[in-house]
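I have placed the structure first, in the form of structure tokens, so that the comments after it can refer back to it.
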Amino acid sequence: TNYSNQKSFGSKQMKIVDVHKDFKIFVTNEEKAILNKLDGVKPIEVFTERERFTIENLVRKSLVSKVGHNKTYMVTKNDN
């Protein structure tokens, strides 16, 4: 099945980021500041409520990952 964001070349499926090498995700200044703070894996509790909201936006943009750990979760910057 071909999806609208994928092209089929033989048996290989290509994602849109494979087709568009200069694909950029818009990031606000606030999001950039959070990304600069995220070195390694950190528990979500070290961030303010506003920073947590911003981190959730970064998760939706696939720039940050969150992983459940005990009764909380950890966040880390994704490799781009």
Side-chain angles (χ1 to χ4, degrees):
T1 303
N2 275 345
Y3 297 101
S4 61
N5 67 340
Q6 294 181 340
K7 290 186 177 182
S8 180
F9 294 97
S11 62
K12 183 178 178 186
Q13 295 284 327
M14 293 188 71
K15 296 180 182 176
I16 194 164
V17 292
D18 295 332
V19 176
H20 298 286
K21 299 293 182 196
D22 296 325
F23 185 75
K24 303 262 190 249
I25 298 173
F26 177 77
V27 180
T28 66
N29 290 337
E30 190 175 15
E31 290 170 337
K32 285 179 192 174
I34 297 291
L35 286 170
N36 290 335
K37 277 182 156 181
L38 266 176
D39 52 341
V41 180
K42 292 188 177 183
I44 195 66
E45 290 83 14
V46 302
F47 298 98
T48 66
E49 190 64 32
R50 177 64 189 171
E51 290 172 328
R52 292 178 194 185
F53 178 81
T54 304
I55 288 170
E56 290 298 330
N57 288 335
L58 291 167
V59 169
R60 282 190 281 283
K61 292 179 178 184
S62 297
L63 297 175
V64 170
S65 293
K66 64 180 183 178
V67 178
H69 181 71
N70 294 331
K71 294 182 180 183
T72 185
Y73 63 91
M74 309 293 277
V75 291
T76 187
K77 184 173 22 175
N78 290 337
D79 294 331
N80 295 332

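Hydrophobic clustering of Ile, Leu, Val, Met, Phe, Trp and Tyr side chains at less than 4.5 Å, counting indirect connections, keeps I44 apart from V41. When hydrophobic clusters are built by joining Ile, Leu, Val, Met, Phe, Trp and Tyr residues whose side-chain heavy atoms come closer than 4.5 Å, directly or via intermediates, F53 is not grouped with V59. A chain of hydrophobic side-chain contacts below 4.5 Å, direct or via other Ile, Leu, Val, Met, Phe, Trp or Tyr residues, connects V46 to L38. One hydrophobic cluster, built from ILVMFWY side chains closer than 4.5 Å, holds both V75 and L63.
Looking only at side-chain heavy atoms (C-beta outward), R50 and T54 come within less than 4.5 Å of each other. Contact check for Y73 versus V67: no side-chain heavy atoms found under the 4.5 Å cut-off. Using a 4.5 Å heavy-atom threshold, the side chains of V64 and N57 count as separate. E45 has its side chain within reach of R52: a pair of non-hydrogen atoms, C-beta onward, lies under 4.5 Å apart.
Here the CD1 atom belonging to I55 is positioned 5.0 Å from the CD1 atom belonging to I34, to the nearest 0.5 angstrom. In this structure, NZ on K66 lies 10.0 Å from OG1 on T72, to the nearest 0.5 angstrom.
Taking both residues in full, the closest heavy atoms of V27 and K61 are given as CA-NZ, 4.2 Å, listed atom of the first, atom of the second, then distance. Shown here for F26 and E31, the closest heavy-atom pair between the two residues is O-OE1, 4.0 Å.
Put simply, the side chain of T76 never gets that close to the backbone of S65: no donor and acceptor are under 3.5 Å apart.
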**Study point:** Residues E51, K37; criterion side chain to side chain contact (heavy atoms under 4.5 Å, CB included); working and verdict
**Key:** CA-CA 10 Å; E51 290 172 328; K37 277 182 156 181; 2.3 Å; yes
